[in-house]
Structure formats: C-alpha cells, structure tokens
Amino acid sequence: MTRQEALNDLNLPESASGEDIENAYRRLVRRYPPEFNPERFQKIDEAYRFLTSLSDMIARLLSLEAGSGVSGEELQFSAAL
C-alpha cells in the first residue's frame with residue numbers, strides 16, 4: 001500500500017494532518033462497522049494503520065525540504081490500539 005492509496009481509502013487529500021486522519025478513520029468506522037461491512041472496514045483499518053505507522057511518519061519527515069524545519073505536529077504520534 002502506498003500513502004496515496006491509504007489517503008484515497010480514507011477520502012483524504014495529500015495535505016491531511018494527523019488529526020484529519022484520526023477524524024476520517026472514526027467517521028468511516030462508524031459508517032462501515034466491521035460487523036456489517038468487514039471488507040470495507042478492513043481497507044479503512046489498513047489505511048489508518050499505514051498512515052499512523054512509524055515508518056510512514058519517518059518517510060514524511062525525511063521528505064521535508066532541507067532547512068524547512070520540523071514542526072511539533074510532525075513529531076507527534078499516537079499508537080493505535
């Protein structure tokens with residue numbers, strides 16, 4: 001899965017923040033609960049886990065323009081349970 005595919009699964013733009021990802025995940029899980037939509041839920045959950053994974057965060061940090069600095073938001077992360 002690529003970042004773009006995960007963003008598409010959550011209906012988010014490329015500029016989505018961590019809070020946007022969290023909100024989209026919660027909204028979609030309410031709309032597509034696993035009991036009634038197991039396939040759709042699995043795609044949503046996989047996309048969320050990919051976008052909140054440490055490896056994706058590191059890749060985004062490394063792709064920042066040199067000298068632009070790192071914002072505090074880029075360094076925050078919440079573990080999905």
Measure the [atom1]-[atom2] distance between [X] and [Y] for me, rounded to the nearest 0.5 Å.
X   : Y   : atom1 : atom2 : answer
L12 : L7  : CG    : CG    : 6.0 Å
L10 : D20 : CG    : CG    : 11.0 Å
N8  : R3  : CG    : CZ    : 11.0 Å

Side chain of D9, backbone of A6: donor and acceptor closer than 3.5 Å?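 Checking the backbone N and O of A6 against the side chain of D9, no donor-acceptor pair under 3.5 Å is found.
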
Can you give each donor-acceptor pair under 3.5 Å made by side-chain atoms of residues 25-46, sequence neighbours left out, with the distance rounded to 0.1 Å?
| residue | atom | partner | partner atom | Å |
| --- | --- | --- | --- | --- |
| Y25 | OH | D45 | OD1 | 3.0 |
| R26 | NE | E22 | OE2 | 3.2 |
| R26 | NH2 | E22 | OE2 | 3.2 |
| D45 | OD2 | R49 | NE | 2.9 |

